[in-house]
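See below for the structure under consideration.
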Amino acid sequence: MNFIRDDVSKHTNVFDVLKERGFIKQTTHEDEIRDLLGKEKIKFYIGFDPTADSLHVGHFMQVIIMMYMQKYGHTPIVLIGSGTAMVGDPSGRSDMRQMMTNDTIFENSRKFEKLFGKFIDFSGDKAIIDNNADWLTKLNYLQFIRDIGRHFSVNRMLTAECFKQRMESGLSFLEFNYMIMQSYDFLELYKRYNCKMQFGGDDQWSNILGGVDLVRRELGEQVYGMTFALLTTSEGIKMGKTQKGALWLDETKTSPYEFYQYWRNVEDADVRTCLSMLTFLPMEEVEALVSLEGAEINKAKEKLAFEVTKLVHGEEEAVKAQEGAKAAFSGGASLENIPTTKMAAADFEGDGLGIVSIIHQLNLVPSKGEAFRTIEQGGLMIDDEKVTDARLMITKEMFTDGKLLIKKGKKIFHMLDIN
RNA sequence: GGGGGGAUUCCCGAGUGGCUAAAGGGGGCGGACUGUAAAUCCGUUAGCUGAGCUUUCGGUGGUUCGAAUCCACCUCCCCCCA
């Protein structure tokens with residue numbers, strides 16, 4: 001559980017550390033927050049709605065923040081938003097979320113909890129995990145709108161950024177309540193744990209402000225909020241999206257090799273942001289890596305990919321992924337770490353199997369039509385030889401030591417193993 | 001409650017009876033160029049192991065030799081007025 005090196009930063013106030021790394025986007029009271037974080041050990045929370053069965057890179061950013069905070073002595077409260085997930089956050093969405101069944105939400109929550117345990121130390125009282133279903137599901141409507149609803153001005157809510165883009169496409173009353181639910185969470189956590197701050201991605205700004213205001217109005221207490229830059233590419237597109245969907249932290253959903261490759265392939269312009277936000281390398285080291293010129297920047301990308309993969313999947317997997325990538329792209333290194341699928345030797349007896357169905361089965365192409373196209377366009381290689389005939393049959397004799405290397409396009413390598 | 005406008009292939013968006021598996025753009029995929037980068041250029045982009053066949057234009061039923069296009073009903077969405 002010792003992810004962050006002691007020499008990660010020269011600063012001793014975690015606020016300065018986060019600032020140095022470019023995380024901080026907006027704060028409710030910059031000076032007071034810096035002061036508070038320097039003087040006191042506080043409790044703070046970040047909410048995560050279990051809308052999927054795994055955390056993705058966006059969540060991971062928030063996890064990293066909690067890791068820093070914990071490293072510097074503060075206590076993270078991980079709030080699983082099973083209750084808020086039943087409402088659905090409209091922030092940054094152009095349409096309403098699919099309604100989820102309670103069972104799905106419950107299932108997802110369990111998986112979230114497990115993943116958090118990998119990064120945050122919950123031993124003793126070093127961190128807290130709670131779930132807002134605990135209080136939100138018990139609310140009495142009438143009581144709630146009288147006690148809490150009266151503090152919210154609809155006029156003001158409607159001007160909030162998070163609702164703006166929905167003013168045209170439509171916003172249901174259900175979703176409109178999301179902000180109030182999240183605000184109530186802050187109030188509840190303040191009462192339960194004396195939680196003084198809420199963090200979140202910058203898209204959470206309005207929701208966080210709502211909570212800060214509510215605590216002040218209801219209890220007359222000052223609490224604080226802070227948002228962090230979203231991890232986006234230099235073009236402003238959210239990072240961590242692949243054509244298959246999000247980049248997941250769960251290795252069964254995104255393999256460590258794929259995960260490694262994603263970071264290995266980021267654009268030059270994004271290397272600095274990624275290194276500073278997703279790795280715990282000291283900033284001097286980050287600067288040194290980023291200053292590499294031309295093709296040399298690949299060294300920085302390798303380091304980035306390795307460090308992030310190590311953080312998420314452990315050193316062993318990171319080494320494997322790196323070895324596999326090196327073997328595939330630059331040759332030399334051992335081929336055993338390239339993504340491999342085992343198949344029965346018997347399948348390749350006699351006439352063997354058609355190449356098209358093989359690559360389709362391996363999920364290298366989404367359909368057989370795509371497989372044909374790939375071959376027609378010269379995008380498929382077997383053991384370094386271009387496949388020209390889509391009806392090519394793969395037989396046992398074509399394997400060397402029971403292995404066959406398939407390359408699709410420039411970047412996808414896959415080993416077939418019949419041993 | 002009244003009036004108006006919509007729903008098109010991964011997304012946006014054209015298409016108002018056959019020439020439409022459906023323009024154009026985005027995205028994806030393949031190629032060239034490169035540094036496993038960016039930019040650019042070329043090709044490609046429903047499924048089925050080629051020609052051929054099957055499924056697609058919110059849903060259901062109908063008109064027609066023939067429908068994404070016409071008709072009826074239904075569902076959902078948006079806008080204006082209350």
Side-chain angles (χ1 to χ4, degrees), chain A residues 90 93-99 165-175 232-246 257-275 289-306 308-309 321-333 337-339 351-382 386-394 405-414:
Chain A
R93 287 225 137 211
S94 52
D95 53 5
M96 186 166 160
R97 285 171 191 273
Q98 184 109 42
M99 286 271 249
Q165 51 184 301
R166 294 296 294 281
M167 292 314 284
E168 276 188 21
S169 60
L171 177 72
S172 69
F173 184 65
L174 171 72
E175 295 171 285
T232 56
T233 66
S234 52
E235 324 227 294
I237 301 162
K238 259 192 199 169
M239 287 197 80
K241 294 264 182 233
T242 69
Q243 64 279 5
K244 284 190 206 156
Y257 180 85
E258 280 175 88
F259 190 83
Y260 178 93
Q261 278 304 126
Y262 181 88
W263 303 109
R264 178 63 187 76
N265 282 311
V266 297
E267 295 173 22
D268 290 6
D270 299 325
V271 176
R272 176 194 302 274
T273 322
C274 292
L275 277 171
L289 283 167
V290 171
S291 62
L292 294 170
E293 302 264 330
E296 285 289 293
I297 190 104
N298 279 320
K299 293 213 175 90
K301 294 187 190 178
E302 248 175 57
K303 184 77 176 162
L304 166 69
F306 181 78
V308 184
T309 310
Q322 187 159 49
E323 290 292 309
K326 280 194 176 144
F329 290 96
S330 25
N337 289 315
I338 287 181
D351 289 343
L353 288 177
I355 184 63
V356 166
S357 22
I358 291 176
I359 60 174
H360 181 233
Q361 259 182 53
L362 295 176
N363 274 324
L364 300 183
V365 285
S367 73
K368 291 185 182 177
E370 181 76 33
F372 277 104
R373 238 172 272 132
T374 306
I375 293 169
E376 264 166 43
Q377 299 181 130
L380 195 72
M381 312 257 275
I382 286 185
K386 191 176 275 185
V387 177
T388 48
D389 181 6
R391 278 166 301 186
L392 176 72
M393 301 302 284
I394 303 295
L405 180 64
I406 300 174
K407 181 185 178 197
K408 188 229 154 198
K410 275 176 288 200
K411 293 187 191 168
I412 312 229
F413 293 83
H414 205 96

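Chain letters run A, B, ... following the sequence lines, proteins first, then strands; residues in each count from 1. All of these numbers come straight from a predicted model, not from anything done at the bench.
- The C1' atoms of B/C12 and B/G6 are separated by 15 Å, rounded to the nearest whole Å.
- Comparing B/U34, B/G47, B/G35 by their nearest atom to the side chain of A/R373 picks out B/G47.
- Side-chain atoms of A/Q377 stay outside donor-acceptor range of the base of B/G31, with no qualifying N/O pair under 3.5 Å.
- The pairing partner recorded for B/A38 is none, the criterion being a Watson-Crick or G-U wobble arrangement whose two distances lie under 3.5 angstrom.
- B/A37 atom C1' lies 15 Å from atom NZ of A/K299, rounded to whole Å.
- Side-chain contact check for A/I394 versus A/I382: some heavy-atom pair is nearer than 4.5 Å.
- A distance of about 29 Å separates the C1' atoms of B/C11 and B/C80, rounded to the whole Å.
- A heavy-atom distance below 4.0 Å to RNA chain B is reached by these residues of residues 364-372 of chain A, ordered by number: A/S367, A/K368, A/G369, A/E370, A/F372.
- Heavy-atom minimum distance, A/A371 versus A/I359: CB-CD1, 3.7 Å.
- When the C1' atom of B/U36 is taken as reference, atom CD of A/E267 falls 13 Å away, rounded to whole Å.
- Nearest-nucleotide positions on RNA chain B place A/G378 closer to the 5' end than the other of A/G378 and A/H360.
- The two residues A/V271 and A/A300 come nearest to each other via the heavy atoms CG1-CB, 3.9 Å.
- Nucleotide B/C76 forms a pair with B/G6, judged by Watson-Crick or G-U wobble geometry with both contacts under 3.5 Å.
- For A/S357, the listed nucleotide lying nearest its side chain is B/U49; candidates were B/G35, B/U36, B/U49.
- Comparing the P positions of B/U20 and B/G27 gives a spacing of 27 Å, expressed to the nearest Å.
- Using a 4.0 Å heavy-atom criterion, one finds that A/A325 contacts the bases of the nucleic acid, with or without backbone contacts as well.
- Considering only side-chain atoms of A/R264, the nucleotide from B/C33, B/U49, B/U36 that sits closest is B/U36.
- Checking B/U20 for Watson-Crick or G-U wobble geometry (two distances, each under 3.5 Å) identifies no partner in any strand.
- Nucleotides B/U54 and B/C42 have their P atoms positioned 36 Å apart, rounded to a whole Å.
- Applying the 4.0 Å criterion to OP1 and OP2 of B/A37, one finds that A/R272 has every side-chain N and O outside that range.
- Of the C1' atoms belonging to B/G35 and B/A39, the separation is 14 Å, rounded to the nearest Å.
- B/G50 and B/U36 are spaced 34 Å apart, taking the C1' atom of each and rounding to whole Å.
- Taking atom P on both B/C73 and B/A23, the two are 33 Å apart, rounded to the nearest angstrom.
- For A/F329, the side-chain atoms get nearest to B/U36 when compared with the rest of B/C29, B/G35, B/U36.
- A straight line from CG of A/L380 to C1' of B/C29 spans 13 Å, rounded to a whole angstrom.
- Contact annotation: the side chain of A/F329 approaches that of A/Q261 to within less than 4.5 Å [non-hydrogen atoms, C-beta and beyond].
- If you measure from atom CG of A/L289 to atom P of B/G35, you get 20 Å, rounded to the nearest angstrom.
- Looking at A/F372 and A/R391, their side chains never come closer than 4.5 Å, going by heavy atoms from C-beta outward.
- Across A/A325 and A/Y257, no two heavy atoms sit closer than the pair N-CE1, 3.7 Å.
- Put simply, CG on A/N265 is 8 Å from C1' on B/A37, counting in whole angstrom units.
- One C1' atom belongs to B/U16, the other to B/G66, and the distance between them is 16 Å to the nearest Å.
- For A/K410, whose side chain is taken as the heavy atoms from C-beta onward, the closest listed nucleotide among B/G50, B/U36, B/U34 is B/U34.
- Comparing A/K408 and A/Q322 against RNA chain B, the residue whose closest nucleotide sits nearer the 5' end is A/K408.
- A heavy-atom distance below 4.5 Å is not found between the side chains of A/L364 and A/T374.
- Using modelled atom types, no side-chain atom of A/E370 and backbone atom of A/S367 make a donor-acceptor pair closer than 3.5 Å.
- As rounded to whole Å, 22 Å separates atom P of B/A37 from atom NZ of A/K303.
- Using Watson-Crick or G-U wobble geometry with both donor-acceptor distances under 3.5 Å, B/G1 finds its partner in B/C81.
- Side chain of A/K299 to main chain of A/L289: no donor-acceptor pair is present (N/O by atom type, distance under 3.5 Å, no hydrogens or angles).
- Rounding to whole angstrom units, NZ of residue A/K411 and C1' of B/G35 are separated by 11 Å.
- Between A/K386 and the phosphate of B/G30, there is no side-chain N or O to OP1/OP2 separation shorter than 4.0 Å.
- Rounded to whole angstrom, the span from the CD atom of A/E296 across to the C1' atom of B/U36 amounts to 15 Å.
- Among the atoms of the strands shown, none is found under 4.0 Å from any heavy atom of A/G354.
- At least one donor-acceptor pair closer than 3.5 Å links the side chain of A/Y262 to the backbone N or O of A/G240.
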